[in-house]
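Chain A is the first sequence line, chain B the second, and so forth, proteins listed ahead of strands; every chain is numbered from 1. Note that this is a predicted model, so its numbers are computed, not measured.
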Amino acid sequence: MMPSRKAASSLPLIDLEEFYAVLLGHYGDPMWWPADTPFEMCAGAILTQNTSWKNVERAIAGLKKLNLMTASAIARTAPDVLEQVIKSSGSYRQKARRLRLFAQFVLESYGGRVEQMRGVHVDTLRRELLSIHGIGPETADSILLYACDKPVFVADAYSRRIFGRLGVAPGDTGYGALKSMVEGRLRADAPMYNRLHALLVEFGKQLCRQEPLCSRCFVSSRCRYGLNSLNVKKRVSEDEDE
DNA sequence: GTCCAGGGCCTAC
DNA sequence: GTAGGCCATGGA
């Protein structure tokens, strides 16, 4: 009988709490989402939809330079002007409209102050945000977490990919299902969710990319995908040696 | 030149 | 209800 070549990992797949601790230990406290005001965080959440942060930074700098980084300023700015200022963020006509609709919402419901949204129950506020055209689940949760300090999980593309590979949740888990699963397993702690999302993005950018760098990854021995990937490479190199 | 990035809306089936 | 197309820029 041939001995199995499958590398026997003595440890089980990593769980959520432990993965968070490992990420925190590896990357340190991320102190994420650079923004001077809660409104700027919300604007960034809208502008970054399907867009790299580099392109968003230019748009944010443009808005701040023209003193447009408030709900009242954006609401009274002509659409074509707003479009030109945020052009670098891509989909600029859609996003200009979304920014204006969000600004109008903040003005009408919260006197133009995002800070006042913090006093509202998370479920109520989430429903209100989702009713705004252009604010979907991920953007709403980013606003709830980063601008309103609510303990919610932002189940973005990075987290779906990472948790799918780790074996924490199937890769085709939908947004709501993944969000519920994570929130059901972790304590309701806003700063923790803030760090977790930031760490997932960092991990997703550096190692767990679309083409993952499993050979350099510090959790590959506790990851379903990583174990498969490394075993395949091991088998290939063994075959080459023969 | 092609692909992708801290999504969401709309249309067709 | 859901898969596919579209928005659109800038960097790799």
Side-chain angles (χ1 to χ4, degrees), chain A residues 20 23 27 29-36 38-63 65 79-105 126-150 152-165 169-179 182 190-213:
Chain A
Y20 170 64
L23 287 177
Y27 291 115
D29 194 337
M31 293 296 291
W32 211 44
W33 207 296
D36 294 333
F39 183 83
E40 187 182 327
M41 287 186 183
C42 300
I46 292 168
L47 291 171
T48 198
Q49 291 169 353
N50 206 28
T51 302
S52 67
W53 187 252
K54 279 282 176 194
N55 290 358
V56 175
E57 283 178 333
R58 290 195 192 86
I60 289 176
L63 289 171
K65 190 175 175 184
D80 58 327
V81 172
L82 196 53
E83 287 174 7
Q84 292 309 307
V85 177
I86 66 163
K87 196 159 193 171
S88 70
S89 70
S91 304
Y92 59 91
R93 293 199 295 178
Q94 285 187 346
K95 287 179 182 175
R97 179 170 175 232
R98 292 173 186 183
L99 272 183
R100 286 174 55 81
L101 288 172
F102 176 74
Q104 285 163 8
F105 161 78
R126 191 167 195 270
R127 274 196 297 275
E128 288 182 0
L129 290 169
L130 289 175
S131 73
I132 303 168
H133 183 98
I135 308 274
E138 185 176 333
T139 307
D141 287 332
S142 291
I143 290 171
L144 289 170
L145 175 59
Y146 290 104
C148 303
D149 297 327
K150 303 294 187 187
V152 301
F153 180 65
V154 181
D156 64 2
Y158 284 123
S159 59
R160 282 199 292 281
R161 182 167 79 209
I162 294 166
F163 289 153
R165 286 177 180 162
D172 58 352
T173 306
Y175 185 94
L178 182 57
K179 173 180 160 71
V182 173
M192 187 272 296
Y193 279 112
N194 189 318
R195 293 191 193 95
L196 173 61
H197 184 223
L199 291 164
L200 286 170
V201 171
E202 197 59 33
F203 181 62
K205 280 182 178 171
Q206 292 194 11
L207 294 168
C208 207
R209 304 175 180 179
Q210 194 129 6
E211 285 299 324
L213 303 177

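Separating the CE atom in A/Met41 from the CD1 atom in A/Ile60 is a distance of 10.5 Å, to the nearest 0.5 Å. Atoms CG and CD, on A/Leu23 and A/Glu202 in that order, are 10.0 Å from each other to the nearest 0.5 Å.
Checking C/dT9, C/dG11, B/dG7 against every side-chain atom of A/Ala157, the shortest atom distance belongs to B/dG7. Nearest nucleotide to the side chain of A/Asn50, out of C/dG10, C/dT9, C/dC7: C/dC7. Side chain of A/His133, nearest nucleotide from B/dC10, C/dT9, C/dA8: B/dC10. Relative to the side chain of A/Gln94, the nucleotides C/dA8, C/dT9, C/dG11 differ in distance, and C/dA8 lies closest. Among the nucleotides C/dT9, B/dC9, B/dG8, the one closest to any side-chain atom of A/Asn55 is C/dT9.
Each of A/Ser52 and A/Ala140 has a nearest nucleotide on DNA chain B; the 5'-most of these lies closest to A/Ser52.
For the pair A/Leu47 CG and B/dA5 P, the interatomic distance rounds to 18 Å; values are reported in whole Å. Here the P atom of nucleotide C/dG10 and the OH atom of A/Tyr92 are 10 Å apart, to the nearest Å. Summarising the geometry, the separation between NZ on A/Lys87 and P on C/dC7 is reported as 14 Å, rounded to the nearest angstrom. As rounded to whole Å, 5 Å separates atom P of B/dG8 from atom CD of A/Gln49. Distance CD (A/Glu83) to C1' (C/dT9): 14 Å, rounded to an integer number of Å. The separation between A/Tyr175 atom OH and C/dT2 atom P is 18 Å, rounded to whole Å. Atom NZ of A/Lys54 is separated from atom P of B/dA5 by 17 Å (rounded to the nearest Å). In this structure, CD1 of A/Ile132 is placed 18 Å from P of B/dG7, rounded to the nearest angstrom.
Using a 4.0 Å heavy-atom criterion, one finds that A/Ser89 contacts no nucleic acid atom at all. Among the protein residues, A/Lys95 comes within range of no part of the nucleic acid, since none of its heavy atoms lies under 4.0 Å from any strand. As judged by a 4.0 angstrom heavy-atom cut-off over every strand, A/Gly136 is placed among residues touching the sugar-phosphate backbone only.
Look at A/Arg58 and you won't find any side-chain N or O under 4.0 angstrom from OP1 or OP2 of C/dT9. Distances shown here put a side-chain N or O of A/Gln210 below 4.0 Å from the OP1 or OP2 atom of B/dA5.
Counting non-hydrogen atoms of other residues, nucleotides and ligands closer than 6.0 Å to CZ of A/Arg93 gives a total of 12 or fewer.
With A/Gln49 as reference, A/Arg98 is the one residue of A/Lys95, A/Glu138, A/Gln94, A/Arg98 to meet the side-chain hydrogen bond (donor to acceptor under 3.5 Å, both in side chains) rule.
Comparing the same atom, P, in C/dA8 and in B/dT11 gives a spacing of 15 Å after rounding to whole Å.
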Margin query: Under the criterion side chain to side chain contact (heavy atoms under 4.5 Å, CB included), I'd like the reasoning laid out for A/Leu47 against A/Leu99: C-alpha separation, chi angles, the key distance, then a yes or no.
Written below: CA-CA 8 Å; A/Leu47 291 171; A/Leu99 272 183; 4.0 Å; yes

